[in-house]
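The structure appears right after this line, and notes come after that.
In the text below, chain A, chain B and the rest are named by the order of the sequence lines, each starting its count at 1. Values in this document were obtained by computation on a predicted structure and should not be read as measured data. What you see below is based on every heavy atom in this structure, not just the backbone, and it leaves out hydrogens, waters and symmetry mates.
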Amino acid sequence: MPHADPETEPRDLTPAVRDRLVRLAYRFVWNRSDAEDAVHNAVALAQSRRDQLREPSRWWSWMCRIVVRQCVALGRGESRRGTRERGESPQRSVSEVRSGSDPPERAAESRERSEILRQAVAQLPPKQRAAITLRHVEGMEYERIAEVLEISPATVRGHVRDAREALRARLARELPEWADHESAGVVKGRLP
Amino acid sequence: MKCDRCREWIHDRVDGRLSRSDARLLDDHLAHCRDCRVFDRYMSIVIEELDRLRELSDIEYGTCAAPVPVLPGSDRAAGRIAGLRTAFARLAAAVALVVIGGALAHRLLNDSERPDERLVDAPSPTVPTGAQDAPGAPARQAPRIVTDARRPTVADVPTIVLNGSTVDRYIPVLRPTSDPTVHVVWLHAVEVSGESTGESGMRNGSPAPHDRVSPVVAETGLCLGNVGPGPAIAGTGRPNHDFATCSARDRTSVRGRPHRTRPSCQASSSRKETPSCLPFV
């Protein structure tokens, strides 16, 4: 049956769907070829385990789950090896995207904390990494994340909070000077 | 307010689940508790950097960012940035529409003026025995040759009609031919008029998948890895080569190289038992 949400429409392997899956994988592995590998493996798994999809209307969540597992497994393998064998150039700093007009000192600080955070995300436990990435990087709602990860929304919230705590603690440890940095520009003005 | 409660509320505020009255209490607490203020500051940095990760991944991925939902609890600056993202995405979408429309119009114009220019004699693709004229086979269109050496896409595939219904869900698979630079794209019907055809893209009792698809012969430089046969076709016991999948190792080792550089990819009828195939979309 057609679904109002195009994400749940099981248009198997159309270019648009595949692109969305690769983009999702990219948010985990930050490497185009690794992302395509993960999606390729996920597609192969999905084809061989199609009977495990009980509800066709949840095809998208099911595919996302397989892709996320492939990405997390890929990350574990790389962490065991200790180094990444990337064929691509090193990733740009997150802050390079938006700090081009910032003063050099501010841009350097921003780059530093961005790199710390990205490394910290990569080192989170798999479930926390998946939950925080799907929530804050992919922008999924908690209910959808729960569907993807096959856990309850409350558990997802727990994983996301634990991940935020871990990232906050890592930043506080690595950048203690920011405790008194009133001009961080990210605290004031937040509205509930 | 206790600090533990305050930190719970900070998380709730990030998630947009904190009421205004509780937010005022939280702000009061933060005003006189330095530890919680530091906690809030680092948490805010974490959220901001995670938002940047999303922005960066969109940029690095090579596509413009789709409209990004603003997480409740984001600051006003983030809201303005999200608005800019949305405007940029709309502009990019408009440009993309113009480009795609122009390309389609150009293609249609060329096709109408020179209908046979892109249709050339196809090298004989490796078509499984008995695949041509089985009863119940769909209406076939002539194999189409894509001669511009680009990677074939679903757009190159003609409409597939089976028993009067258009096949609207399918799994395209590349298969080699005797010419190493030419591949046949087999489309495996997965759903016809809303009816799922099962795990392997087959309907029970239907002919072999080749009887139900239209071939597209595509010239491509893609190199395909060696693979074994796929899962058996439901109800027949025969291996379904077209659903065989390349192992990651094979695919990684050959990815990006010209097809001619890999002798094992020299497709021929002798390789029918271990065809190279790869879902290409």
Side-chain angles (χ1 to χ4, degrees), chain A residues 1 10-15 17-19 22-23 26-27 30 32-33 37 40-41 43-44 47-48 50-51 56 91-92 94-98 113-114 117-118 121 132-133 135-139 142 157 160-161 164 167-169 171-172 175 178-181 184-192, chain B residues 11 13-16 18-20 22-23 38-63 68-69 71-77 81 153-154 169-172 190 194 196 198-200 230-231 243 245-246 248 251-252 255 278-279 281:
Chain A
M1 290 289 293
R11 303 286 299 184
D12 299 79
L13 300 180
T14 60
V17 170
R18 187 179 179 86
D19 184 72
V22 175
R23 184 191 296 260
Y26 190 88
R27 300 196 198 280
W30 292 93
R32 184 70 177 250
S33 61
D37 277 348
H40 175 81
N41 293 338
V43 167
Q47 287 176 356
S48 64
R50 193 63 174 266
D51 57 329
Q91 303 294 330
R92 287 180 297 162
V94 175
S95 298
E96 285 180 39
V97 175
R98 285 163 56 183
R113 72 187 193 197
S114 296
L117 191 101
R118 179 143 65 174
V121 169
I132 195 88
T133 303
R135 172 62 178 159
H136 285 286
V137 185
E138 179 65 15
Y142 282 113
R157 289 181 196 281
V160 170
R161 290 192 177 201
R164 285 181 195 151
L167 297 176
R168 183 204 58 80
L171 270 183
L175 299 171
W178 279 82
D180 299 315
H181 205 303
V186 294
V187 180
K188 304 299 182 186
R190 284 199 307 153
L191 297 174
Chain B
H11 283 289
R13 187 170 66 176
V14 170
D15 289 331
L18 192 64
S19 68
R20 288 188 176 274
D22 288 344
V38 170
F39 180 96
D40 184 51
R41 183 167 304 127
Y42 279 112
M43 188 61 71
S44 300
I45 295 172
V46 166
I47 301 304
E48 182 188 74
E49 294 300 334
L50 289 171
D51 286 345
R52 287 186 180 183
L53 281 181
R54 172 166 47 189
E55 186 178 357
L56 181 70
S57 70
D58 283 334
I59 293 172
E60 285 192 354
Y61 188 71
T63 57
V68 178
L71 287 176
S74 298
D75 58 15
R76 281 172 288 188
I81 290 165
T153 69
V154 173
R169 300 174 194 277
Y170 44 78
I171 298 176
V190 174
S196 173
E199 175 179 350
S200 62
F243 279 88
T245 55
C246 304
R251 196 169 71 89
T252 302
R255 184 176 52 212
L278 176 69
V281 291

Item to check | Shortest non-hydrogen contact from Arg164(A) toward Ile47(B) | outcome: NE-CD1, 4.0 Å
Item to check | 4.5 Å side-chain heavy-atom contact, Leu50(B) and Val121(A) | outcome: yes
Checklist outcome for this item: Rounded to the nearest 0.5 angstrom, the CZ-CZ distance for Arg118(A) and Arg52(B) is 12.5 Å
Checklist outcome for this item: When the 4.5 angstrom heavy-atom criterion is applied to Leu167(A) and chain B, the contacting part is both
Checklist entry - Between atom CE of Met43(B) and atom CG of Leu171(A), what is the distance when rounded to the nearest 0.5 Å? => result 10.0 Å
Item to check | Side-chain heavy-atom pair His136(A), Val14(B) within 4.5 angstrom cut-off | outcome: yes
Checklist entry - For the residue pair Leu56(B) and Trp30(A), what are the closest heavy atoms and their distance? => result CD2-CZ3, 3.8 Å
